[in-house]
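The structure under discussion appears below in the form of C-alpha cells.
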Amino acid sequence: MKTIPTYITIIVIAALLAGCETTSSVPQVSDDGLVRIKSKRAEVVYVQPGASLDGYDKIMLAEPQISFRKNWKSDWNMDNPMRRVDDRYMIEAVATGQRLLLEEFERTLTKKGFTIVDQPGTGVLTVKPAIIDLDIFAPDVNNTAGMWGQTYANGSGRATLFLELFDSSSNQLLVRVMDTKDNENDGYTWRVQRNRATNIADARSAFASWGTDLANGLIQAQGVTFADLPVAGDN
C-alpha cells in the first residue's frame, strides 16, 4: 500500500500528543486502564497514565500479525471467478507482509538512531505491530498479471496498523495507536495497472511511512510524561 494522507495519523507520542484537546472532564479509559488522548493529529491514541517513553533507545520488534478484511476472499472470488484466490495465496501474502514490515521498520528505526535488539532489557522498548482489515484491491494470484491480460484498479488497497508499545523488562503496556492507510484513487482520475511488483512496492512504502512516524514520535517523546497530558472526554 502506498504512502498517502491517512485517516488516523500515527505520530506516536509527543508529536501526536502535542496540541491535544480536552472535551470533557471524564476520560475515556480502556479495559486495561489506558487513557485515551484526543488529538488533532490522531483519532485513536491510548497511553498509560504517568508513564513515559523517555530513555528508550533500543527496539525489540515482535513478529507482526496480519489479517485480511472479513469476507475479503469470498468477495473477491465472487467478483473475479476467473482469478480466484485461495488459502495458499493468503498465507503467502501474510508471510510477505510480515517480512516487508519488519524490514522497513528496522531500516527506518535504525536510520533514526535506534538499535534493533532481540532481547529485553533496560532502555528496550518492545514494539508489537499488527495489520488488520487488509484489503488488496488487485491481488496478482499467480504472479501472471500482464501475461494473460492486464489488471487495473483504483489503487493498491487499504489496511489499518494496530501498534502497541511495551516496556520490555516489565511488559507494561505504554501506548496503543491505530492508523489507517487507504490509497484508493490516490490522486488518479483513472484506474492504473496493478501486479505483484507494484503491490509489494506500495506495501513497502506504507510500512516505511509507519516506521518513520514511529521513530520520529519516539524521538520527540523524550522528556514527556503522559501524566502531564490532557485527556479526551466521552463527547
Side-chain angles (χ1 to χ4, degrees), residues 1-4 6 8-17 30 32 34 42 44-48 51-68 90-134 136 156-181 199-222 224 226:
M1 293 171 35
K2 196 172 182 180
T3 303
I4 50 157
T6 60
I8 310 171
T9 304
I10 183 179
I11 304 176
V12 178
I13 326 302
L16 54 66
L17 301 179
S30 66
D32 48 3
L34 272 65
V44 182
V45 182
Y46 281 90
V47 299
Q48 185 67 245
S52 170
L53 292 177
D54 199 23
Y56 291 102
D57 59 357
K58 305 177 188 67
I59 304 294
M60 185 169 67
L61 287 170
E63 181 179 63
Q65 302 299 308
I66 298 180
S67 59
F68 280 81
M90 297 179 72
I91 292 172
E92 291 177 354
V94 166
T96 299
Q98 290 173 322
R99 175 177 60 82
L100 295 178
L101 191 152
L102 286 176
E103 288 178 357
E104 292 305 320
F105 269 42
E106 289 182 8
R107 183 182 63 82
T108 54
L109 287 164
T110 300
K111 184 178 180 180
K112 293 290 185 176
F114 294 93
T115 301
I116 304 300
V117 299
D118 57 9
Q119 295 293 327
T122 302
V124 177
L125 186 71
T126 300
V127 175
K128 294 184 178 181
I131 301 296
I132 60 177
D133 292 331
L134 175 60
I136 302 175
S156 55
R158 67 171 63 89
T160 296
L161 175 70
F162 182 87
L163 187 73
E164 292 184 320
L165 309 181
F166 295 80
D167 175 79
S168 67
S169 296
S170 65
N171 204 35
Q172 181 186 42
L173 176 58
L174 304 176
V175 179
R176 178 181 295 129
V177 178
M178 293 180 67
D179 177 57
T180 297
K181 289 186 183 296
N199 286 343
I200 287 177
D202 284 354
R204 278 195 182 278
S205 181
F207 296 156
S209 174
W210 275 323
T212 299
D213 287 340
L214 170 61
N216 288 337
L218 292 173
I219 291 170
Q220 293 167 349
Q222 301 304 303
V224 175
F226 296 150

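A quick note: this is a predicted structure, and the numbers were derived from the prediction, not measured. In what follows, residues are counted from 1 in the order of the sequence shown.
- Taking both residues in full, the closest heavy atoms of Met60 and Pro120 are given as SD-N, 3.7 Å, listed atom of the first, atom of the second, then distance.
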After noting the C-alpha distance and the side-chain angles of Gln65 and Glu63, does the key distance pass the side chain to side chain contact (heavy atoms under 4.5 Å, CB included) rule? CA-CA 7 Å; Gln65 302 299 308; Glu63 181 179 63; 4.1 Å; yes
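- Under the 4.5 Å side-chain criterion, counting only non-hydrogen atoms from C-beta, Leu161 is in contact with Pro129.
- Nearest heavy atoms, Phe207 versus Ile131: CE2-CD1, 4.0 Å.
- How far CG of Leu174 is from OH of Tyr56: 5.0 Å, rounded to the nearest 0.5 Å.
- Distance check, rounded to the nearest 0.5 Å: OG of Ser205 to CD1 of Ile200 gives 13.5 Å.
- Judged as a side-chain contact (heavy atoms from CB on, under 4.5 Å), and not counting sequence neighbours, the contacts of Thr108 are Ala208, Thr212.
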Sequence neighbours excluded and cut-off under 3.5 Å, please list the side-chain donor-acceptor pairs for residues 90-98, or say none.
residue, atom, partner, partner atom, Å
Glu92, OE1, Arg88, NH1, 3.4
Glu92, OE2, Arg88, NH1, 3.2
Thr96, OG1, Glu92, O, 3.0
Gln98, NE2, Pro64, O, 2.8

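- In this structure, CD in Gln48 is found 8.0 Å from CG in Asp32, a value given to the nearest 0.5 Å.
- Take Phe68 and apply the ring pair (Phe, Tyr, Trp, His ring centres under 6.0 Å) test, not counting sequence neighbours, and it matches Trp72.
- For residues 105-129, the set of pairs meeting the salt bridge (Lys or Arg N to Asp or Glu O under 4.0 Å) definition, not counting sequence neighbours, comprises Glu104-Arg107.
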What verdict does the side chain to side chain contact (heavy atoms under 4.5 Å, CB included) test give for Asp57 and Thr115, after you've listed the backbone C-alpha separation in whole Å, the side-chain angles of each residue and the deciding distance to 0.1 Å? CA-CA 7 Å; Asp57 59 357; Thr115 301; over 6 Å; no
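- To the nearest 0.5 Å, atoms CG (Leu214) and CG (Leu165) are separated by 6.5 Å.
- Nearest heavy-atom pair, Ile59 versus Phe114, reported as atom, atom and distance to 0.1 Å: CG1-CB, 4.0 Å.
- Atom-to-atom distance recorded for Asn199:CG and Arg204:CZ is 13.5 Å, nearest 0.5 angstrom.
- Listed here is the closest heavy atom pair of Ala215 and Leu109: CB-CD2, 3.7 Å.
- Minimum heavy-atom separation, Phe166 to Asn171: CD2-O, 3.4 Å.
- Between the side chain of Glu164 and the backbone N or O of Val175 there is no donor-acceptor pair closer than 3.5 Å.
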Could you check Lys58 against Ser168 for side chain to side chain contact (heavy atoms under 4.5 Å, CB included), going step by step and ending with a plain yes or no? CA-CA 10 Å; Lys58 305 177 188 67; Ser168 67; over 6 Å; no
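- The line from CG of Leu173 to CG of Leu34 is 4.5 Å long, rounded to the nearest 0.5 Å.
- In this view, Ser67 and Ile132 satisfy the side-chain contact (heavy atoms from CB on, under 4.5 Å) rule, not counting sequence neighbours.
- Every side-chain hydrogen bond (donor to acceptor under 3.5 Å, both in side chains) that Ser170 has, sequence neighbours left out, goes to Asp167.
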